[in-house]
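Notes to accompany the following structure.
Convention: sequence-line order gives letters A, B, ...; per-chain numbering from 1.
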Protein chains: 2
Amino acid sequence: MITTKNCIIRLSRYKNALYRLQALGFVKFFSDNLADAVGVTAAVVRKDFSVFGISGNKKGGYQIETLLEKLNSILGKDRLQKVVVIGAGHIGSALMRYRGFEKEGIKIAAGFDIDPSKVNRSSPVPILPLEEIKGFIKSHGIKIAVLTVPDIAAQEVVDIISASGIKGVLNFAPLRLKSPEGCIINNVNLEIELENLIYFVNVMEKTK
Amino acid sequence: MITTKNCIIRLSRYKNALYRLQALGFVKFFSDNLADAVGVTAAVVRKDFSVFGISGNKKGGYQIETLLEKLNSILGKDRLQKVVVIGAGHIGSALMRYRGFEKEGIKIAAGFDIDPSKVNRSSPVPILPLEEIKGFIKSHGIKIAVLTVPDIAAQEVVDIISASGIKGVLNFAPLRLKSPEGCIINNVNLEIELENLIYFVNVMEKTK
DNA sequence: CCCTTATTGTGAAAAATATAACATTATGAT
DNA sequence: ATCATAATGTTATATTTTTCACAATAAGGG
């Protein structure tokens, strides 16, 4: 199923919202319930569903349980996803300790750092020397890496890990990386996010 | 100047790319140089510039220094931007220690946490009790907050800080917050970013 | 059993965004 | 001084995305 990044982000939000609705005791929902919960319109919800051949019952809405199964299957959440974190600095270490991924079925299999003093094979998420990453990726069949190395090292690391089998990179280094053939790079750029916020806050202040 | 979020993100990227070009010794550039550096087309660069009344010289391109001044002014980088971080957990603490903001003219004025054991008034970024946030925001004129509290607390905190004068929130809690009147919320959702990557990597694998 | 109502599913319209095309103009060579 | 060239700036075109509108239809009441 081919579609846009935004659409898939919405699917994730639908999934999360449905879990919340389910926790509140709901069993079924209508497109406008979900739309409200996620902050889109009902038409968008139904359109997104139709792209993936998801159908409900006229006048009856959708079953939460069925929908969650479908969304989880689409999003690959019906199996454990193993990822590695590269760079055990402030951000990388925080991600390795963050509990939020577990409950989403995402397991950080290991961290890697070039600095030998950071290596710790016995921590909950073992931190290994960068030299071992190639072998680790291959032997564990890891497809996804989170990159929190200094920007100067980022491109080199991407090229190495992509050659070792990584297909997707979540990049925290504040620069745009050239993505090797067959490798998807999503960027999380906190500086730019803040700049953006600052810009729009300033604009709001001025036009007020 | 009213425009889209994507356009402003591109301005940030232009700025970053121009600094890199400048560091390499360049003094001027053409729209296609910058386009290559940022990963867009030359037409987009010129279009974005024209939206902000930025002009260059036919056949001569643009002066990096002049451009940087303009971009920095548009993005509010001609003055120090003070922000607060709310929530001193793993992610919040990492952000407070992260050096990347400083060089972008963004200063984390303080962190806040509801847990008294996290309070530390003498650390480089002082961590203060959450009760003090209202006064701090007002007395320091803070407009921007980074929110790294547990999702269950996020909406309440947003409502409080918005009432105290916060106009922009960078939210790390993995749920969509209702933005109070006059308050902009940008979301950084790491779980969703990873899910997204996982989806597209899977799609790629299948269609291969 | 029919009629009203509420909701889906989709096709068409509108809006937003990105791309391309090209007329304009400054530069430098002849 | 004129001409060819190279790059801008903007208008036009195409594409993508969102929104709207409504026909189809299942459920429930009378």
Side-chain angles (χ1 to χ4, degrees), chain A residues 1-14 17-18 21 26-68 70-71 74 176 187 192 196 199-200 203, chain B residues 1-14 17-18 21 26-71 74 176 192 196 199-200 203:
Chain A
M1 194 60 57
I2 189 159
T3 180
T4 66
K5 184 174 174 186
N6 279 340
C7 175
I8 303 303
I9 289 178
R10 286 196 298 271
L11 291 195
S12 284
R13 295 196 196 284
Y14 298 156
L18 288 179
L21 287 175
F26 286 85
V27 172
K28 67 172 190 178
F29 69 98
F30 302 118
S31 55
D32 60 342
N33 303 142
L34 187 57
D36 286 349
V38 169
V40 297
T41 65
V44 172
V45 171
R46 296 201 299 273
K47 199 89 196 244
D48 286 340
F49 283 4
S50 94
V51 169
F52 288 92
I54 293 174
S55 60
N57 304 306
K58 289 194 165 69
K59 195 133 186 209
Y62 308 80
Q63 299 296 311
I64 290 185
E65 202 171 327
T66 319
L67 245 289
L68 277 174
K70 285 186 183 167
L71 290 176
I74 292 168
R176 176 159 290 263
N187 294 286
I192 286 184
N196 206 263
Y199 172 82
F200 284 105
V203 168
Chain B
M1 194 61 56
I2 189 158
T3 179
T4 67
K5 185 175 173 184
N6 279 340
C7 175
I8 303 303
I9 290 178
R10 285 196 299 269
L11 292 196
S12 285
R13 294 197 197 283
Y14 298 155
L18 288 179
L21 287 176
F26 287 85
V27 171
K28 66 174 191 176
F29 68 98
F30 302 118
S31 55
D32 61 341
N33 301 143
L34 188 56
D36 286 348
V38 169
V40 298
T41 65
V44 171
V45 171
R46 297 200 300 272
K47 195 89 193 257
D48 286 340
F49 283 3
S50 95
V51 169
F52 287 92
I54 293 173
S55 60
N57 303 308
K58 288 194 165 67
K59 194 135 188 207
Y62 308 80
Q63 297 297 312
I64 290 186
E65 203 171 326
T66 318
L67 246 289
L68 277 174
E69 269 170 33
K70 286 186 182 167
L71 291 175
I74 291 167
R176 178 157 287 261
I192 286 184
N196 205 263
Y199 173 82
F200 284 105
V203 167

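When all heavy atoms are compared, the tightest approach of A:Ser31 to A:Val45 is O-CG2, 3.9 Å. In this structure, A:Phe29 and A:Leu34 approach most closely via the heavy-atom pair CE1-CD2, 3.7 Å. The shortest non-hydrogen separation linking B:Tyr62 to B:Arg46 is OH-CG, 3.8 Å. Residues A:Phe200 and B:Thr3 come closest through the heavy atom pair CE2-O, 3.9 Å.
Protein atom CG of A:Leu34 is 10 Å distant from nucleotide atom P of C:dT8, rounded to whole Å. Rounded to whole Å, the distance from CD on A:Gln63 to C1' on C:dT8 is 14 Å. Between the C1' atom of C:dG9 and the CG atom of A:Asp32 lies a distance of 15 Å, rounded to the nearest Å. Between the CD1 atom of B:Ile9 and the P atom of C:dA18 there is a distance of 11 Å, rounded to whole Å. Rounded to an integer number of Å, the gap from A:Asp36 CG to C:dT7 P is 12 Å. One interatomic measurement links the two molecules: CG of B:Asn6 to C1' of D:dT16, which rounds to 13 Å at whole-angstrom precision. The distance from atom NZ of A:Lys28 to atom P of C:dT8 is 10 Å, rounded to the nearest whole Å. Distance A:Phe52 CZ to C:dG9 P: 15 Å, rounded to the nearest Å.
In this model, a side-chain donor or acceptor of B:Lys59 finds a partner on the base of D:dT5 within 3.5 Å. No N or O donor and acceptor, one from the side chain of A:Lys58 and one from the base of C:dT7, sit under 3.5 Å apart.
Listed nucleotides D:dT11, C:dT7, D:dT8 differ in distance to B:Lys47; the shortest reach to its side chain belongs to D:dT11. When distances run from any side-chain atom of A:Ser50 to the nucleotides C:dT7, D:dT19, C:dT10, the shortest one goes to C:dT10. Closest to the side chain of A:Arg10, from the set D:dT18, C:dT8, C:dC22, is D:dT18.
Among the protein residues, A:Tyr62 comes within range of the sugar-phosphate backbone only, with heavy atoms under 4.0 Å from sugar or phosphate atoms but none that close to a base. Within the nucleic acid shown, A:Gly60 has no heavy atom closer than 4.0 Å to any nucleic acid atom.
Of the residues A:Val40, A:Leu68, A:Leu67, the one that meets the side-chain contact (heavy atoms from CB on, under 4.5 Å) test with A:Tyr14 is A:Val40.
Place B:Thr41 and A:Gly61 on DNA chain C by their nearest nucleotides, and A:Gly61 ends up nearer the 5' end.
Checking the phosphate oxygens (OP1, OP2) of D:dT8, a side-chain nitrogen or oxygen of B:Arg46 falls inside 4.0 Å.
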